[in-house]
Novice: 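This is the structure I have questions about; it appears just below.
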There are 2 protein chains.
Amino acid sequence: MSGKAQIIDFQSKKMSCEACIVGHQCLGYDPRLPGACIFKNSNMPHQLLHRGEYLYRAGEPFQALYMIRSGIIKTYFISEDGEEQILGFHLPGEIIGFDGIAEGAFPSNAMALDTTSICKLSFDSLEEHYGASPQLQSALLRGMSREILRHENMLMLLGKKKADQRLASFLLNRSTYQRSHGYSATVFTLAMTRTDIGKYLGLTVETVSRVLSRLQVQGIIEVHTNQIQILDLDALRDLAGDYAGRPGIEHGAIRVNRPFTGERQVNKAFH
Amino acid sequence: MSGKAQIIDFQSKKMSCEACIVGHQCLGYDPRLPGACIFKNSNMPHQLLHRGEYLYRAGEPFQALYMIRSGIIKTYFISEDGEEQILGFHLPGEIIGFDGIAEGAFPSNAMALDTTSICKLSFDSLEEHYGASPQLQSALLRGMSREILRHENMLMLLGKKKADQRLASFLLNRSTYQRSHGYSATVFTLAMTRTDIGKYLGLTVETVSRVLSRLQVQGIIEVHTNQIQILDLDALRDLAGDYAGRPGIEHGAIRVNRPFTGERQVNKAFH
DNA sequence: CGTCATGTTGAACCAGGTCAAAGAAAGTGG
DNA sequence: CCACTTTCTTTGACCTGGTTCAACATGACG
């Protein structure tokens, strides 16, 4: 069967880190080293995956993190009854596999949605360079923290948002990624199917399709199969209802007004 | 107002790490040191929070992780329109605050649901001891990875599960925690309100209440306000539908049979 | 023991799921 | 390059789990 798919020959294609688009964002990046990468001389450089191939599967032993150089990877869980929950679509610059550290095995699956070039960051090599490189340490911690933050935002989305808000958030996310990587914030291609979008956002295909149609009718976006054009970014932002950008300065202040039940007791304690 | 609540005097109450129930599970634990804790001589030891008091709030600068010694803390996001999504209920032994590392500020709020003793793990001290202690490094990485894993399970729960499955998972979780900490796996107290359970599980209070009643009628649990007794653990497990325990050995194998659409291509590539 | 928060239960409603069917793309093989 | 097959997408009609609204019960606490 498809079991073979997970056997990837990492030796077959070595590429220089110097040419890597990811550059200094990479965990392995170190300008002091020849080749600018701590993995330069290891025998585990880059590898190409084709659509539908697995990078790893649930249950496999964890040995490495993976950095995406180009392409797109989806990571997902499968429940007892075969239901697939997509955990993320991962784009160039992102590192995946953090969830394997805890138990020494991957709990999730990672599959390429398109031709994808990835870089294997052997955990042993990583630990080897760990003591010597404080910036490697903090890059790793920040990378994991960012992953946690991303998950927390997804919990908010799945726990509280309505279908259109979910789609709006999703599109906005892509848009933000696009802009921050020098591409158009308003015109882009979705590499994944509607089904997969649904499995990511906790919705059915039909709902995804309907909401996209609805947004199009409302003049907020324009859709041609995989091509998305955002016509009204502000409307999309309104819909998404994320607090504008990140842990702003004054959230605490804003929220003081809210009638937290539990808070009463605090007040009492201070009066 | 309640703003005062977040000003916590960490100097006021120093306690020995040697007496700490958390012991070697703690990030700071090091048997070679006097006091067995890398934080022993720092001026940031333990502190007591009362019900409704904040440990930190969204927007505050991140300086430390916090380990819970006793009690219970809820962490949560608040959306633009004041909606609260609870990210977790954190019990003794757990470390919270990882989500603040990425941006240098907390994106979430942390409030005590009951009298709670916490230990402040200053991030500076942590980094100071980092190079010297490989086990501190790996404990930190594994702690964060476990948090990621926990979130991924919650994504599954919120994305795929029905109300009763969510409650079943929730109760099962508590049960597992209880057992692994030497308490009864079948009889315990819920420290949080139904409203909070709802905000955690993406449901309304009414639904939580109804489902609990239903489970009681079905003879699976018995509820007296906050007292829960699990009568049929297996039924609960069936309901929850988590794959029994963690990234088992053979998930990959099991799943090979599933008709993944994308997989077709892989097979071809290998034939 | 009265008050206020929290919990329960009922009834009506609706967002999104389910089922079904048809159209549009994209891969496949001649 | 074209015909064929399969997957993906869209849309409609219906159904239902969970929300909403409302009323009442319980229980903690000063």
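Please read these numbers as outputs of a predicted model, since none were measured by experiment. By convention in this document, chain letters (A, B, ...) are assigned in the order of the sequence lines, proteins followed by strands, and residues within each chain are numbered from 1.
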Novice: By nearest heavy atom, map Val208(B) and Thr207(A) onto DNA chain C; which one lands nearer the 5' end?
Specialist: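 Whichever sits nearer the 5' end wins; that is Val208(B).
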
Novice: Find out whether Leu91(A) and Arg174(A) are in side-chain contact, i.e. whether some heavy atom of one side chain is under 4.5 Å from a heavy atom of the other.
Specialist: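 Yes; the side chains approach each other to less than 4.5 Å.
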
Novice: Rounded off to whole Å, could you give me the NZ-to-P distance for the Lys199(B) and dG7(C) pair?
Specialist: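 After rounding, the reported distance stands at 11 Å.
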
Novice: What's the CG-P distance between Asp114(B) and dA28(D), to the nearest Å?
Specialist: 14 Å

Novice: Under 4.0 Å, heavy atoms only, any strand: does Gly198(B) hit a base, just the sugar-phosphate, or nothing?
Specialist: nothing

Novice: Among dT20(D), dT6(C), dT9(D), which nucleotide has an atom closest to any side-chain atom of Thr204(B)?
Specialist: dT20(D)

Novice: What residues in residues 210-230 of chain B put a non-hydrogen atom under 4.0 Å from any atom of DNA chain D?
Specialist: Arg210(B), Thr225(B)

Novice: For Leu158(A), does its backbone N or O pair with a side-chain atom of Arg166(A) as donor and acceptor, under 3.5 Å?
Specialist: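 Yes.
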
Novice: What is the distance, to the nearest angstrom, from the CG atom on Leu201(B) to the P atom on dG17(D)?
Specialist: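 Value for this atom pair: 19 Å.
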
Novice: Quick one: does any side-chain atom of Ser175(B) pair with a main-chain N or O of Leu171(B) as donor and acceptor, under 3.5 Å?
Specialist: no

Novice: Grab the CG-C1' distance between Asp164(A) and dC14(C) for me, whole Å please.
Specialist: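 It is 13 Å, rounded to the nearest whole Å.
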
Novice: Could you work out which one of dG16(C), dT9(D), dC21(D) sits closest to the side chain of Thr195(A)?
Specialist: dT9(D)

Novice: How are the rings of Phe106(A) and Tyr56(A) set relative to one another: parallel (under 30°), tilted (30 to 60°) or perpendicular (over 60°)?
Specialist: parallel

Novice: Want to settle it: does Met192(A) or Lys162(A) sit nearer the 5' end of DNA chain D, counting the closest nucleotide to each?
Specialist: Met192(A)

Novice: Leu203(B) has an atom CG; how far is it from atom C1' of dG17(D), in whole Å?
Specialist: 11 Å

Novice: Using a 3.5 Å distance criterion without hydrogens, assess whether the side chain of Thr116(B) forms a donor-acceptor pair with backbone atoms of Asp114(B).
Specialist: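 Flag set: sc Thr116(B) to bb Asp114(B) pair under 3.5 Å.
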
Novice: Let me know the distance between CD of Glu83(B) and C1' of dT20(D), rounded to the nearest Å.
Specialist: 13 Å

Novice: Partners of Phe188(B) by ring-ring contact (aromatic ring centres under 6.0 Å, His included), sequence neighbours excluded?
Specialist: none

Novice: Polar-atom pairs under 3.5 Å, protein N or O versus N or O of nucleotides 14-16 of chain D: list them with distances, or write none.
Specialist:
none

Novice: Between P on dA22(C) and CD on Glu206(A), what's the gap in Å once rounded to a whole number?
Specialist: 16 Å

Novice: Do Ser169(A) and Lys161(A) have side-chain atoms, one donor and one acceptor, less than 3.5 Å apart?
Specialist: yes

Novice: Ignoring hydrogens and geometry, is there a side-chain-to-backbone donor-acceptor pair from Lys160(B) to Glu84(A) under 3.5 Å?
Specialist: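 Judged by distance alone, yes, a pair lies under 3.5 Å.
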
Novice: Rounded to whole angstrom units, what separation is found between the NZ atom of Lys161(A) and the P atom of dG16(C)?
Specialist: 13 Å

Novice: Is there a donor-acceptor contact under 3.5 Å from the side chain of Asn226(A) to the main chain of Thr189(A)?
Specialist: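 No, Asn226(A) side chain to Thr189(A) backbone: no donor-acceptor pair under 3.5 Å.
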
Novice: Which nucleotide in the set dG7(C), dT10(D), dG18(D) lies at the smallest distance from any side-chain heavy atom of Thr193(B)?
Specialist: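 Among dG7(C), dT10(D), dG18(D), the one nearest the side chain of Thr193(B) is dG7(C).
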
